[in-house]
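When a ligand or atom number is given, it counts from 1 through the structure's own listing order.
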Amino acid sequence: QAAATPPSQLTASTCCYCGVGCGVLIEHDGEKILGVQGDPSHPANHGKLCSKGSTLHLTGDLDARALYPELRLGKGLARSRSDWDNALDHAAAVFTETIREHGPDSVAFYISGQLLTEDYYAFNKLARALVGTNNIDSNSRLCMSSAVVGYKRSLGADAPPCSYEDIEQSDCLLIAGSNMAYAHPILFRRLEAAKAARPDMQIIVVDPRRTDTCELADLHLAILPGTDVALFHGILHLLLWEGWVDRAYIDAHTEGFDALKTLVRDYSPAAVAEICGIEQNDLLRAAELIGKAPSFLSLWCMGLNQSTAGSAKNSALINLHLATGQIGRVGAGPFSLTGQPNAMGGRETGSLSNLLPGHREAGNAEHRAEVARYWGVDSLPESTGLTAIELFEAVRAGKIKALWIACTNPAQSLPDQQKVHEALAACPFVVVQEAFFTTETCHYADLLLPAASWGEKEGSVTNSERRITHVRRAVPAPAEARPDWAITCDFARRLEQQLRPGLPSLFDFDSAQALFEEYKHLTRDRDLDLSGLSYAILDNQGPQQWPFPAGAQHGTARLYENGRFPTASGRAQFLAEPYRAAKEQRDARYPLLLNTGRLRDQWHGMSRTGTAARLFGHAEEAVLSLHPDELRNRRLEAGELIVLRSRRGGLILPVQADDSVRPGQAYLPMHWGNRFLKGLGTNVLTQPAFDPLSKQPELKLSSVEVAKAELP
Ligand code: SF4
């Protein structure tokens with residue numbers, strides 16, 4: 001029997017799902033992707049891949065791909081195939097007319113943590129330098145914006161200070177609001193291996209639900225939803241009481257401790273145990289594990305960030321590190337896990353409405369002047385840009401008249417989904433730049449632009465540990481799909497002919513590399529300085545962690561080792577903010593608190609993972625999880641169809657008994673966007689209330705009721 005023909009080529013790239021940022025080797029024949037392997041040389045995963053990464057090659061189904069530009073010339077009409085020139089000329093004409101008639105803030109861009117850094121940079125320059133609006137926000141607003149605020153307020157810069165190796169070297173880990181076994185599987189496997197090698201490593205998991213991550217926990221604190229700030233203040237109260245704080249570190253490197261000390265006096269073990277719904281002994285044990293650990297590292301994700309108290313939760317957790325001096329050394333530090341593959345790149349390039357490239361602020365006149373000078377424009381807009389929830393509310397109110405959406409599916413992923421659908425239906429002109437035409441958002445596209453996807457485009461990404469990898473193209477994009485940066489620049493060149501006639505182009509880029517080269521100099525002398533990096537260095541030396549300033553020989557594994565922070569005083573800041581209960585709570589009408597989250601084998605709205613049958617083996621459909629007592633109280637049987645209602649809408653779906661969910665709570669995966677009646681999904685239930693600083697919405701806490709479905 002003849003041996004199977006080996007794939008002719010391997011191209012090194014990254015997995016396009018989560019923020020672990022695993023390296024992959026794409027097997028292909030120059031035309032088609034044939035398989036995928038973990039890249040043994042990549043420092044994030046050392047050759048391993050999870051169920052999602054290892055099936056990437058099975059998700060290239062052309063039946064789901066957008067292949068040609070499609071344009072509709074009036075609401076209610078069907079879209080028909082166009083060509084790129086016609087499509088982009090039309091878009092430029094509509095944007096020009098809208099901007100001239102209603103001003104630059106009448107248009108907006110909503111982009112994605114799944115774009116590459118070069119794509120982000122092109123969009124930022126388009127919105128801020130050419131259009132003159134700060135109405136450019138990203139779905140990272142739903143993901144990491146509370147961590148951004150947390151780092152900036154406490155440490156002075158949006159920079160996770162640790163490396164993945166610190167996770168393995170830590171003596172005590174606190175994992176808060178993160179089911180990393182599902183959401184960051186390869187990192188979890190690294191942690192499992194470290195715990196197996198060093199069983200004395202202590203792991204505390206804070207999660208209202210007993211998730212698979214709890215399998216590794218020495219202590220699980222199943223706090224009531226939204227009570228994290230009280231928990232962290234309660235732990236600090238005990239650290240102070242027991243003398244487990246590092247007074248020398250506090251005195252030498254921080255400010256604001258006295259106010260915090262006064263605040264946490266009220267957070268006695270009895271008070272905190274009651275607020276959080278946990279045993280006092282467990283609280284004492286957590287404080288002891290943290291207080292006595294030679295090194296202490298915390299990991300967190302959406303459970304802290306997706307909250308109306310997201311910024312306060314981040315600060316309260318970082319307070320624990322500053323009080324114990326557990327930052328800036330091996331195995332120690334506050335380490336937020338990034339949800340999306342390049343949410344970090346978005347933060348770096350200024351892809352939240354309040355930011356500018358190079359960790360600058362859109363509200364800072366000096367920062368605006370620096371970027372304007374570099375881009376060669378007179379000024380950048382001063383007006384406050386809209387954040388995700390505000391932006392779609394402005395669309396619904398008729399204030400945004402032309403909306404450009406790239407590589408994201410807000411009709412599925414934003415809370416209070418029905419209102420988002422109303423907004424998209426009402427918007428006079430919606431452009432959707434997308435690889436998959438199957439998303440809920442594509443339904444509303446007046447102009448659909450086919451984008452290249454994983455394995456089909458070049459650029460760079462930054463993972464959770466600040467590590468930048470060169471993403472390489474293995475095969476051409478199908479049909480007429482094009483790389484996101486190329487679409488953006490092509491549109492921008494047409495728009496500038498209208499808005500800046502006769503002036504040199506701002507978008508004279510012929511490759512992703514050209515964008516990277518321009519962008520990197522905007523980071524010079526900033527905290528994230530990556531001006532010393534190039535594609536050639538990434539190719540020759542492998543992925544590198546920023547900062548990597550000009551002349552550096554290697555990246556930087558750990559920040560703040562010298563105890564100096566990028567704040568005005570050089571000291572880290574303690575934040576003294578009290579616990580505030582979430583506004584929406586259980587009541588007689590809605591007696592359950594709904595938590596939403598991920599499944600192991602699905603990603604976001606399933607536009608990609610939903611094309612691989614194998615990935616439905618773990619969970620075939622969306623099922624509501626309720627504690628067996630709650631089923632009994634309602635005389636429900638497992639598998640029965642129920643109506644799940646919040647103040648915003650309702651769904652019909654099956655229910656299952658699940659004692660990992662506490663009585664009084666419910667759990668539903670977030671992935672299903674339009675699989676229920678009326679084409680709505682999980683987020684029809686969730687609330688658009690958001691954190692006052694980070695503007696990140698409360699996706700993980702909604703009061704709901706469950707009743708037997710009365711079907712005709
Ligand atoms: Fe991809 Fe994340 Fe899995 Fe790594 S852990 S293979 S980046 S989904």
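- Taking all heavy atoms of Cys18, Ser51, Cys15 into account, the minimum distance to atom 2 (Fe) of ligand 1 is reached by Cys18.
- Here the side chain of Ser170 pairs no donor or acceptor atom with the backbone of Ile167 at under 3.5 angstrom.
- Put simply, the side chain of Gln541 never gets that close to the backbone of Leu538: no donor and acceptor are under 3.5 Å apart.
- If you check which protein heavy atom lies closest to atom 3 (Fe) of ligand 1, you get Cys50 SG, 2.3 Å.
- Within the set Ile186, Leu187, Asp601, Thr609, the minimum heavy-atom distance to atom 5 (S) of ligand 1 is found for Ile186.
- Counting non-hydrogen atoms of other residues, nucleotides and ligands closer than 6.0 Å to NZ of Lys48 gives a total of 12 or fewer.
- The pair Glu456-Arg65 meets the salt-bridge criterion, since a charged nitrogen lies less than 4.0 angstrom from a carboxylate oxygen.
- Interface atoms of ligand 1 facing Gly21, defined by a heavy-atom separation under 4.0 Å, are 7 (S).
- For ligand 1, the atoms closer than 4.0 angstrom to any heavy atom of Leu49 are 6 (S).
- Those atoms of ligand 1 that come under 4.0 Å of a heavy atom in Cys22, given as number and element, are 4 (Fe), 5 (S), 6 (S), 7 (S).
- Annotation for ligand 1: atoms under 4.0 Å from non-hydrogen atoms of Tyr17 are 8 (S).
- One finds a salt bridge joining Arg198 and Asp171 here, because a Lys/Arg side-chain nitrogen approaches an Asp/Glu carboxylate oxygen to under 4.0 Å.
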Checking Ser145 against Asn305 for the side-chain hydrogen bond (donor to acceptor under 3.5 Å, both in side chains) test, could you report, in this order, the C-alpha distance in whole Å, the side-chain angles of both residues, the deciding distance, and whether it holds? CA-CA 7 Å; Ser145 53; Asn305 293 339; over 6 Å; no

